[in-house]
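For clarity, every value in this text was computed on a predicted model and none was experimentally measured. The analysis underlying the following values was restricted to heavy atoms, covering all of them including side chains, and did not include hydrogens, waters or symmetry mates.
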Amino acid sequence: KISDVLQKSAPKPGVPADLQNLLTQHFGENRSVIEIEELQLSDSCFLPANDLTHSFSSYLKEICPKWAKLRRNHKEKKSVVMLVLCSSALRSLELIKSMTAFKGDCRVLKLFAKHIKIKEQMHMLEKGVFHIGVGTPGRIKALVEQDALCLNSTKYMILDWNWRDQKLRRMVDIPEVLYKHPYMLYTVYSLLLLVVLRSSSVKFSFC
């Protein structure tokens, strides 16, 4: 069992190769070599991962030391400076609470489907200025594809990669995610590619 293996080995920070290997494993049989190559992102697109000694806020402070300036200068609607991708709405809410020491007085937008209609999120993005978006890959990707969320101002995309549940499983270790819902991995990665195409300055990281 995955939980048995994890109990016997020390947790390791996520690295770009982890995501690429999972995609190759799950989609390699159905796609050509060229299509697999198109899914690859350069390591230069990634910031150093959380070494598992940081809290969420302290990690964000380390990789984004000029956050106060970025926050002040951000005036664009329909956009955020930082996107945080999580496995669920509940996990998104936990991260929003845990980033209090980092975010300051900036505005955070919930970007998941649970109890929130996409039209409501589209309206909020159109009418207000938000600095951080926290949510699930599927909802964020839907907003981007409908041009409700613009990525030109996005500088950081954080993957909630190292978080583990009560059985010590990460998001990508859960069988229900890997085998019953493999599209989740593809959604995450296709969203990363979408961000790269629309914003050349964005950096990714594993928290």
Using every non-hydrogen atom in the two residues, find where [X] and [Y] come nearest and quote the distance to one decimal.
X	Y	result
Thr136	Ala113	OG1-N, 4.5 Å
Ala101	Ser57	N-OG, 3.6 Å
Pro48	Ile63	O-CG2, 4.1 Å

Check each of His131, Lys155, Lys61 against Trp67 using the side chain to side chain contact (heavy atoms under 4.5 Å, CB included) test, and report the only one that passes.
->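 Between Trp67 and the candidates, side chain to side chain contact (heavy atoms under 4.5 Å, CB included) is satisfied uniquely by His131.
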Picking from Leu111, Ile158, Val108, what satisfies side chain to side chain contact (heavy atoms under 4.5 Å, CB included) with Ile132?
-> Val108
Going by heavy atoms in the side chains, are [X] and [Y] under 4.5 Å from each other?
X	Y	answer
Val81	Asn73	no
Lys110	Ile116	yes
Leu95	Phe56	yes
Val129	Lys75	no

Is the number of heavy atoms from other residues, nucleotides or ligands under 6.0 Å of Lys103 NZ greater than 12?
->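 For Lys103, atom NZ is crowded (more than 12 foreign heavy atoms under 6.0 Å).
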If only atom types and distance count, is the side chain of Lys78 paired as donor or acceptor with the main-chain N or O of Asp147 below 3.5 Å?
-> yes
Face-on cation placement of Arg107 at Phe130 ring, 6.0 Å and 45° thresholds | yes
Value for CE (Met82) from CZ (Phe102), rounded to nearest 0.5 Å, stands at 4.0 Å
Hey, is Arg91 close enough to Glu94 for a salt bridge, meaning N to O under 4.0 Å?
->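 Counted as a salt bridge, because a side-chain N and a carboxylate O are separated by less than 4.0 Å.
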Answer yes or no: is there an ion pair linking Arg71 with Asp105, defined by an N-O contact shorter than 4.0 Å?
-> yes
